[in-house]
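Residue numbering restarts at 1 for every chain, and letters A, B, ... go by the order of the sequence lines.
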Amino acid sequence: MESHVISGLERIVGPDGIVRDDGELLTYETDGLVKLRSKPGVAVLPTSAEQVQRVVRLCHEHKVPFVARGQGTGLSGGALPHPDGVLIVMTRMNRILDVDIPNRRITVEPGVMNLDVSKAVAAAGYYYAPDPSSQVICSIGGNLAENSGGAHCLKYGFTVHHVLGVEAVLPDGELVHLGGPALDAPGLDLLGVLVGSEGTLAVVTKVVLNLLRKPAAVETLLAAFDSTEAAGNAVSGIIGAGIIPAAVEMMDRVTIEAAEAAVHPNFPKTEAILIVELDGAEADVSALFTRVEEVCNEARASEIQIARTAEQRARFWQGRKAAFAAMGRVSPSYYVQDGVIPRTRLPEVLGRIRDLSERSGLKIGNVFHAGDGNLHPLVCYDERIAGQADLAQEVASEILTYCLDADGSITGEHGVGADKAEHLPKMFSESDLDTMQLVRCAFDPGYICNPGKVFPTPRLCGEVPGPYRRHPAEAAGLAERV
Amino acid sequence: MPVATTTALLDRLAAQAGPGAAVRAGGDDDAVDGVQPRLVAAPGTGEGVAATLAWASSEGLSVRVSGGGTKQQWGAPGGTVDLLLSTAALCGVVEHRHGDLTATVEAGAPLRTVDAVLGAHGQRLSWDPPWPEQATIGGIVATNDSGPRRHGHGAPRDSIIGVTMARMDGRVAKAGGIVVKNVAGYDLARLLTGSFGCLGVILTATFKLTPAPPASRTVQATVDSLEDAASVAADLAASSLTPTAIEVAWGPARLLARFESVEASVAQQADAACAIVGARGASVVLAGEQERAAWERHAAHWSPGGTLVKLSTVPAELFATLAWLRDRAAADGLEMAAAGRAGLGVVDVRLDGPPEAQAGLVGALRERLPAGRGSAVIRRGGPELRRRVDPWGPIGDGMRVMMAIKRQFDPAALLNPGRGPGGL
Ligand SMILES: Cc1cc2nc3c(=O)[nH]c(=O)nc-3n(C[C@H](O)[C@H](O)[C@H](O)COP(=O)(O)OP(=O)(O)OC[C@H]3O[C@@H](n4cnc5c(N)ncnc54)[C@H](O)[C@@H]3O)c2cc1C
């Protein structure tokens, strides 16, 4: 990177806000997806929107690519640095700016951790609904970029349903305000498309979130099944009975054993368990909870445990949330896949994954948001065995084809990032991708904002100046706007 | 300007619009704000819509899109229109995956018809915007319109999970999918929701559904003043009750709180809501026919005639704003009523009276609303009012990007010209 760019950056963020040392830059070379690595040209840690603006403006002037990074827990390489670019690390922008209980709003900087939002309002009886399993270690900015979900998103929706407004820096350094504490700000729903755009449209510098009242009642049960198919049938049965639980999570034998080894939640030793949680008004929860128990019994649950105390409920959730990390206990390495299927197809697709595991000889654990049909197969491998890492990749990719065969999606919450860009054309036609990139061209015509992520091939954008007029060649059908 | 005769254009249009399309010359009945389209087409397929748009692009014809025609007067009055493109012939439920609680619906299907099909399996869309008999899915999505149940179930933006659209250049594109959770690619479904058809024509949309609840109760509370209504609404919203609607109607002040769930729950919650109202008002619990009638009375606020201004504030500032409006409208000699989402801070204010006084009131209201903390958008109004005052009001610094998006999707500005948010 040119030295005058670096010195310009240093003037903006100060000597303690810039990282240029090769050794120190290694910290940022990867996110939660460790197979992809790339050292950034330079990293900056701004402390204000104004600094972000000046950094981005400098990048814009010198056509230097930049990538925003939150806590780096993303699992698709979304925050993978550009080797010739600037990594904008948002962790120092971590202040809670305003808590407004009468309006059920909180305004935060993007570096605030997800769980800290709920903690800030817990005493008042409120919480922030999206609860990724990584909520202790991931940032609101990253959540927004990925449209993160969590166990309780089945009933309450994803990040996009709870972000009301943002302040963001556009790739040319201009500041925009989208949405706000009041609903229905007039204009196109740019916020709706910014959420989930994986840091490719703008750098978010401030976020207004909606808060929910803590429910009056919560009931949680754990049901054990002899097969994942049976557990899958129970999921269909619950949804089919017209019940939308707060959460329906599934774990299979592999992940149950891993969780047991790590945090001893004392789960039944069985092929599959479901954790089902209902919340809401007392009378709703008690009536529907009985019905859920019935459905689990109809689906031949071998055992049902009901959380009688808050500690017991916490134990269920601790076992569930620890499952990813716990896989380290049963396998030297594993790849976390993230795909979605219609929930009625769970038994069939879980069956195909089991066959694939047997055929490939690789252990595959499943721990996932069953109520949403969001699978997280964990493909285990040992990189010391020649070829296994590649085989694991192939197996993980094959699972995505099962999801697509079932009319599902290649990602439910971890994003496309750098990891799955090549898979996106399996789900969307050239025309679909072209249309999505029209949005990109409007935000980032210079293609400097997290380039190379999400879309396998960029669409070059000719910004049309002035009033909407078509190029004569285009009007004559001779040229496409590229 | 095209020089071909209308008859010649009709022949070419018929060739594009495809099998099953109705094609004719525009008539008086097709006029909006006195502007009559030259041509009218109702293609029977999505491909027909796309081919029609590609043809209109090549001829340089401007296109207005219409579903049930219930909201043609929303937004800014458009300029001349060459072709009125109706989605009326695209009116089927493509697929109801009841086991998955999702459905894919064609844009021209009226909401009532769709809910009847979904109801066969005890499910529904859970939206209750005005005019469900005529309002189509495409029009409701394109305006992100909603009704009282938005409190509990959200707006179309919240339940849309996939879309197919036709671009002005004739390309068909999809985004999202049929699964309830999905972050692959950009969320064009949300971008199109509320876009007033200025980016593309919605062909089908896919939604997550909700189970139709077995029981319902509505607590109707008549209160003496807007101030009492404010404190009751705030207490209801801050309680741990789970109403699907909290509506305010003013002129005189009334609150409606609806509970929809299993019988035991709705009965218990309705009683709890009455206790919250307490001495601040007279509350009754309504069920069955009485409940239906109360909601029908409430819906009359949206009956034809008068201006509708959508007022949005942060919830805690809604009632003070309404009180200000009440006083100012009286001083200006305007009749005013309001109804809408008390818990969310979004109400429709209805005005009757001289357009210049209405325009003055809207302007003053906008000045009172701090940037980002509220808006006043004219949803429905006579052409004179909408010419005197920008129906949208200030959009803010995002407008630049919105214009850039419009240019990318519709470079020649032929699609619903001027009707998009902010006059896009
Ligand atoms: C153990 C574990 C469990 C997980 N469980 C879940 C789960 O249950 N649900 C779920 O959805 N995800 C889960 N994740 C994935 C990850 O935690 C989420 O994607 C999270 O939102 C990423 O946040 P982050 O701060 O780490 O972002 P990063 O990884 O730093 O960045 C993610 C993306 O956000 C962009 N970005 C970050 N900040 C900004 C900003 N201010 N402006 C613009 N773009 C920005 C980056 O460019 C990148 O594209 C899990 C990850 C781990 C490691």
**Q** Are any side-chain N or O atoms of B:D100 and backbone N or O atoms of A:T344, one a donor and one an acceptor, separated by less than 3.5 Å?
**A** yes
**Q** So which atom in B:A173 and which in A:D432 form the shortest heavy-atom distance, rounded to 0.1 Å?
**A** CA-OD1, 3.2 Å
**Q** Can you tell me how far apart CD1 (B:I178) and CD1 (A:I341) are? Round to the nearest 0.5 Å.
**A** 10.5 Å
**Q** When you measure from the side chain of B:S240 to the backbone N and O of A:P215, does any donor-acceptor pair fall under 3.5 Å?
**A** no
**Q** I'd like to know if the side chain of B:S312 reaches the main chain of A:L183, judged simply by a donor and an acceptor atom lying under 3.5 Å from each other, with no hydrogens or angles considered.
**A** yes
**Q** For A:N374, which atoms come within 4.5 Å of any heavy atom of chain B: side chain, backbone, both, or neither?
**A** side chain
**Q** Report which part of A:L424 has an atom under 4.5 Å of a heavy atom belonging to chain B: side chain, backbone, both, or neither.
**A** side chain
**Q** Compare all side-chain heavy atoms of A:D184 with those of B:K310 and state whether any distance is below 4.5 angstrom.
**A** yes
**Q** Please look at A:H423 and chain B and tell me whether the side chain, the backbone, both or neither of the residue comes under 4.5 angstrom of a heavy atom of that chain.
**A** neither
**Q** Decide, yes or no, whether a salt bridge links B:R97 with A:D407 under the criterion of side-chain N to carboxylate O below 4.0 Å.
**A** no
**Q** Which answer fits B:R341, side chain, backbone, both or neither, if we ask what part of it has an atom under 4.5 Å from a heavy atom of chain A?
**A** neither
**Q** Is B:V183 close to A:H414 at the side-chain level, that is, under 4.5 Å between some pair of heavy atoms?
**A** no
**Q** Relative to chain B, which segment of A:R105 carries a heavy atom at a distance below 4.5 Å: side chain, backbone, both, or neither?
**A** side chain
**Q** Going by atom types alone, do A:T200 and B:Y186 pair a side-chain donor with an acceptor below 3.5 Å?
**A** yes
**Q** Identify whether the distance between the nearest side-chain nitrogen and carboxylate oxygen of B:R190 and A:D189 falls below 4.0 Å.
**A** no
